[in-house]
Amino acid sequence: MPGSNLNLTCVAEGSPVPYVKWRNGSFDLTPEHSIPVGKNVLQLENIQESTNYTCVAASKLGNIESVTTILVQEPPRIVTAPRNQTVISGGVASFVCTALGNPKPIIEWRKGNRRLAVPHYTIQETPNGSVLRIGPEHLKRDKSVYKCLAENGVGEPAYAAVELRVLPKDHIPLGFPQFTIHPRMKAVEKGRTVLLNCQAEGNPTPTITWLKNMIPLNLDDPRLSIIQGTYLQIIQAKKEDEGTYECLADNSIGSSFSEQALLYVRVRLVPPRFSTLPEPIYKVMPGSNLNLTCVAEGSPVPYVKWRNGSFDLTPEHSIPVGKNVLQLENIQESTNYTCVAASKLGNIESVTTILVQEFVGVPKNVQTCSLGSSTVVIQWDSPEEHNGQVTGYKVYFTTRPKLPTTDWNTQNIDNGTLAIISDVTPETIYTIRIQALTGTGSGPLSDPVQVETQEGVPSQPLNLLVKFTSSTTVELEWSHPEHSSENVIGYELYWNDTFTKKQYHRSIPPITSYIMSNLYPDILYHIWLAARSKHGEGAPTQPVTVKTDQYLPDEPMNVKVEPISSTSLQVQWKRPANKDKNGLIRGYQIHIQERDENNGSVGAAIRFDVTNEVEEAYNVTGLRPDTTYTVQVATVTWKGDGIHSHPRTSKTKRGEPPRIVTAPRNQTVISGGVASFVCTALGNPKPIIEWRKGNRRLAVPHYTIQETPNGSVLRIEPEHLKRDKSVYKCLAENGVGEPAYAAVELRVLPKDHIPLGFPLFTVHPRMKAVEKGRTVLLNCQAEGNPTPTITWLKNMIPLNLDDPRLSIIQGTYLQITQAKKEDEGTYECLAENSIGSSFSEQALLFVRVRLVPPRFSTLPEPIYKVMPGSNLNLTCVAEGSPVPYVKWRNGSFDLTPEHSIPVGKNVLQLENIQESTNYTCVAASKLGNIESVTTILVQGPLRELDVIGSKCKKNSSPSK
């Protein structure tokens with residue numbers, strides 16, 4: 001309860017013993033300088049509001065979290081009380097009541113002390129309340145005092161009373177509000193503006209209130225405004241603006257409602273396109289600041305994010321739509337930034353390059369040695385002060401160090417920090433200096449060092465280069481040394497790689513080319529070569545770097561494309577024949593390109609990602625009707641997307657005229673009862689269904705129209721003998737071809753002439769509450785001759801019993817197993833036989849959700865020690881209510897795509913592991929998130945390349 005005190009104790013174990021702290025949201029409650037180890041008690045006093053507290057236990061081996069939820073219970077209180085109303089008999093009354101409390105109160109309407117259940121009462125739930133709608137009014141029956149009763153099991157129920165006064169039709173007072181213009185059905189394109197109009201007269205001038213789906217509109221939304229007191233203007237229309245609109249005219253004399261009108265919002269689909277982009281290249285000085293603005297358009301408006309390499313710079317939970325400004329501060333190195341605009345229709349990218357003007361320091365730790373009579377080896381360290389833009393080095397050497405450096409001999413080194421100088425004079429002292437080069441100039445010279453040449457082994461081979469590579473072979477080519485004191489009798493070939501992280505050696509004969517075989521695909525190799533005579537091994541070449549080709553997956557086989565509708569194509573394929581050879585398939589990419597009449601490309605191609613590796617078919621949606629497209633499919637592995645399949649051409653279907661699929665059935669009811677007709681239709685575009693009586697659109701308040709996925713339900717309550725006995729039409733149209741319609745007859749019998757055997761209910765369903773995941777039974781029973789058939793309805797729509805959780809027991813009981821939140825609603829029964837039809841009273845079903853914060857049930861080991869190239873699966877399972885989303889993260893990089901994060905379980909598949917790192921499993925729900933870290937330790941580090949090593953004696957010395 002509010003004002004309570006509570007102590008939360010959290011104890012954690014480990015070696016070393018972890019630090020334990022408490023957090024509320026992102027705010028740390030434990031001061032950083034005094035975080036205790038092993039145990040932490042959080043003392044809460046005078047608790048006033050519900051919130052979450054997170055206990056975090058952390059050590060150098062990782063951190064874990066546990067969330068505790070504090071729910072403050074509050075008794076219900078009425079926030080908005082209904083207002084008294086005066087209406088004309090046969091019209092409509094509506095009362096709004098809102099209440100707050102914790103748990104959320106349940107609102108019930110009563111007339112006197114009895115719960116309202118007569119069919120002509122409609123109750124509509126709102127986020128914090130309820131709307132009672134009564135119509136049409138009857139002078140004697142509905143004139144009364146009504147109560148809005150709110151209860152939540154905490155304290156006493158709250159209520160508010162309201163009086164409904166009903167005037168006879170033949171005694172309408174002067175000045176009573178009457179509508180002169182009623183709203184009419186309209187359709188608007190998403191993002192455009194629409195005006196709805198209604199006007200009423202009366203004295204005093206009535207106030208106009210607009211309602212949507214029977215609920216007063218919230219005009220706090222800046223998109224909604226009232227113009228000239230009566231027009232409703234909706235700007236930047238959204239799909240959720242669709243619904244049934246009407247007006248309430250109110251003055252001191254009374255209240256009246258307009259006819260109802262439907263508003264449809266049509267969505268026009270436009271793939272993303274950039275409207276504003278940064279320059280392709282910016283040249284800046286180190287330490288500069290820069291803003292990069294990226295704006296994209298489309299329908300729906302695309303999300304816009306920035307990426308640096310493969311690292312997303314925009315957090316997934318806060319990606320803006322339409323525009324994203326990347327603020328760069330204290331820029332130190334050149335790099336590329338990619339703006340990505342994405343929607344369900346595809347994604348586009350644009351790259352901006354930042355070039356930092358270079359500055360560079362002095363090369364450090366210059367070392368030299370003599371290899372034989374004509375070769376000197378020099379090695380050094382990169383400058384400590386540089387911004388990553390060193391493009392090479394220049395080596396200065398001379399036997400006359402007092403000359404200006406412009407007169408020294410030089411040799412340029414494009415890669416690495418190693419130089420081998422050949423053709424030097426034997427038994428001579430050389431002075432050496434090194435200079436770093438950048439794209440815009442050169443740095444200062446290093447301090448001079450000296451080396452003395454000597455007589456000995458052959459000089460280095462010349463012109464070592466890579467002539468050809470495949471996925472498993474590298475062909476090398478070189479020339480014999482120009483100077484050798486002895487004949488070359490062979491060569492020593494050395495290499496290492498980034499896969500095995502080992503150094504290898506092979507002796508080969510005195511040839512000038514060699515093919516290295518049995519290599520690993522897609523691996524970086526460093527290769528160097530030395531000549532050998534009978535006196536020993538000479539100076540090696542500088543290492544050459546080469547990467548073997550990767551295995552790319554072959555194109556998918558048997559690609560087929562078939563039109564499904566006017567806006568979609570189905571793409572089918574088979575896995576490539578060499579799927580095992582080319583690695584584990586991760587999914588597929590489908591590339592769609594629109595074509596014009598001359599087979600030219602229209603706009604940019606759209607890519608669809610299929611992330612399920614076992615799928616061999618995909619429905620591409622959001623396309624244009626009667627349009628030609630070319631389709632290509634590519635296989636995706638860890639190495640990327642493979643060869644695109646041969647283009648397949650297909651054309652979307654033309655629009656399809658509407659057709660009635662389920663026609664309404666004739667009904668016979670008793671005056672004062674309820675009738676309900678179901679009509680479904682198909683077509684492309686989706687048809688709009690309208691109900692008519694004769695040739696007039698239905699708009700009288702006691703007609704209720706409920707939209708369904710492919711149709712509409714017309715509900716008429718209560719029936720009146722002369723007014724409602726008629727033929728009704730279900731009219732479906734979509735702008736293609738002629739409208740389709742189905743006619744149905746409603747027969748209404750007088751109350752005092754109920755025929756024998758007419759269905760009558762003996763048991764009505766009653767309001768119930770069930771916990772999510774449990775089973776609930778609803779009951780209704782009816783008698784008649786022949787025995788009536790019972791049909792259950794939810795929210796006026798017949799239930800779909802294809803759902804295996806729903807079943808009918810003993811012909812009348814409705815059983816719902818594993819109850820879900822979407823099972824909530826208003827339930828009723830329809831009893832039918834050959835004599836007629838009748839409806840039961842309505843009953844509410846509430847599904848309560850038990851909230852449980854996320855917790856792990858299965859985790860990988862904290863540490864795995866593996867060899868390079870190993871494969872490993874990490875399984876993470878979490879529980880809670882709601883079931884949490886589970887994703888994997890490597891550092892700050894999310895490994896699970898945001899659009900396909902699984903719930904409950906996530907298996908991370910690691911292949912060809914090359915380096916030690918940490919992976920974090922994150923389980924998250926609206927009640928908080930928890931994390932668990934797994935460390936991968938790779939055994940066997942790569943040996944360092946040491947060209948000088950033991951090959952020669954280092955004799956570097958500062959110049960004197």
Side-chain angles (χ1 to χ4, degrees), residues 111 114-123 133-136 138 141-142 662-679 691 693 698 700-706 712-728 730 744-767 777-799 801 808-814 825-845:
K111 180 180 178 183
R114 297 186 62 184
R115 179 171 64 88
L116 294 182
V118 180
H120 80 298
Y121 296 115
T122 301
I123 297 173
R133 187 181 180 100
I134 309 172
H138 188 277
R141 180 183 63 200
D142 296 318
T662 304
R665 297 182 302 172
N666 296 336
Q667 283 191 30
T668 301
V669 299
I670 302 299
S671 178
V674 175
S676 181
F677 301 109
V678 178
C679 181
W691 290 93
K693 181 180 178 182
L698 294 183
V700 182
H702 80 296
Y703 296 116
T704 301
I705 297 173
Q706 179 73 38
S712 177
V713 175
L714 169 64
R715 188 181 179 97
I716 309 173
E717 54 178 309
E719 303 302 338
H720 188 278
L721 181 61
K722 295 181 180 179
R723 180 184 61 199
D724 296 318
K725 181 179 181 180
S726 181
V727 173
Y728 295 83
C730 162
V744 63
E745 182 182 1
L746 173 61
R747 297 180 291 272
V748 183
L749 305 177
K751 290 183 180 179
D752 52 357
H753 287 81
I754 299 176
L756 289 175
F758 192 89
L760 295 173
F761 279 93
T762 57
V763 176
H764 294 267
R766 292 291 177 257
M767 181 175 71
L777 276 177
L778 299 176
N779 183 25
C780 70
Q781 295 182 24
E783 58 185 16
N785 191 13
T787 302
T789 301
I790 300 294
T791 302
W792 279 91
L793 299 90
K794 175 191 170 190
N795 299 334
M796 301 190 297
I797 300 173
L799 276 176
L801 294 177
I808 304 299
I809 300 176
Q810 298 177 1
T812 60
Y813 287 89
L814 171 63
T826 302
Y827 288 78
E828 62 189 323
C829 293
L830 166 64
E832 282 185 300
N833 63 12
S834 59
I835 309 300
S837 309
S838 66
F839 279 80
S840 70
E841 298 177 1
Q842 295 177 326
L844 291 171
L845 174 64

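Rounded to the nearest 0.5 angstrom, Met767 CE and Leu845 CG are separated by 10.5 Å. Between the OG atom in Ser676 and the CD1 atom in Ile716 there is a gap of 8.5 Å [rounded to 0.5 Å]. How far CG of Asn785 is from CD1 of Ile835: 7.5 Å, rounded to the nearest 0.5 Å. Separation of atoms CZ (Arg115) and CG (Leu844) is listed at 7.5 Å; rounding is to 0.5 Å.
Not counting sequence neighbours, the partners of Glu783 by the side-chain contact (heavy atoms from CB on, under 4.5 Å) test are Thr762. The side-chain contact (heavy atoms from CB on, under 4.5 Å) test applied to Ser712 returns Ile689, Trp691, Ile705, Glu707, not counting sequence neighbours. Residues meeting the salt bridge (charged side-chain N to carboxylate O under 4.0 Å, His left out) test with Glu745, sequence neighbours left out: Arg747. Looking at residues two or more places apart in sequence or on another chain, you find a side-chain contact (heavy atoms from CB on, under 4.5 Å) between Thr662 and Thr680. In this structure, the ring-ring contact (aromatic ring centres under 6.0 Å, His included) partners of Phe761, at least two apart in sequence or on a different chain, are His764. For Leu756, the side-chain contact (heavy atoms from CB on, under 4.5 Å) test picks out no residue, with sequence neighbours left out.
Proximity of a side-chain donor or acceptor of Asn833 to a complementary backbone N or O of Gly757 within less than 3.5 Å is detected. The backbone N or O of Cys829 sits less than 3.5 Å from a side-chain atom of Ser840, completing a donor-acceptor pair.
Among pairs with a residue in residues 754-764, none fulfils salt bridge (Lys or Arg N to Asp or Glu O under 4.0 Å), at least two apart in sequence or across chains. Applying the salt bridge (Lys or Arg N to Asp or Glu O under 4.0 Å) test to every pair with at least one member in residues 829-840, sequence neighbours left out, gives these pairs: Arg665-Glu832.
Across all non-hydrogen atoms, the minimal contact from Glu828 to Met796 is OE2-CA, 3.9 Å. The two atoms that bring Ser834 and Pro786 nearest to each other are OG-CD, 3.5 Å, heavy atoms only. Residues Ile790 and Ala831 approach most closely at CD1-CB, 3.9 Å, considering heavy atoms. Across every non-hydrogen atom of Pro765 and Cys780, the tightest pair is CD-CB, 3.7 Å.
Side-chain contact between Val678 and Pro798: present, with at least one pair of heavy atoms (C-beta onward) separated by less than 4.5 Å. Looking only at side-chain heavy atoms (C-beta outward), Phe677 and Val713 stay at 4.5 Å or farther from each other. Using a 4.5 Å cut-off on side-chain heavy atoms (C-beta onward), Ile808 and Tyr813 make no contact. Residues Trp792 and Leu830 have side chains not in contact (no heavy-atom distance under 4.5 Å, counting atoms from C-beta outward). Side chains of Leu749 and Ser671 form no contact here, defined as non-hydrogen atoms less than 4.5 Å apart. Inter-residue side-chain proximity for Leu814 and Leu799 is flagged as met; some heavy-atom pair is nearer than 4.5 Å. In this structure the side chain of Lys794 never reaches within 4.5 angstrom of the side chain of Thr826, judged on heavy atoms. At least one side-chain heavy atom of Ser838 sits under 4.5 Å from a side-chain heavy atom of Phe758.
Using a 4.0 Å cut-off between charged nitrogen and carboxylate oxygen, Glu841 and Arg766 count as a salt-bridge pair.
Checked against Gln667 for a side-chain contact (heavy atoms from CB on, under 4.5 Å), the options Val748, Val674, Leu746 give a single hit: Leu746.
In this structure, Arg715 satisfies the cation-pi test against Phe839, with its NZ or CZ atom closer than 6.0 Å to the six-membered ring centre and inside 45 degrees of the ring normal.
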Walk me through it: do Ile670 and Lys751 pass the test side-chain contact (heavy atoms from CB on, under 4.5 Å)?
CA-CA 6 Å; Ile670 302 299; Lys751 290 183 180 179; 4.1 Å; yes
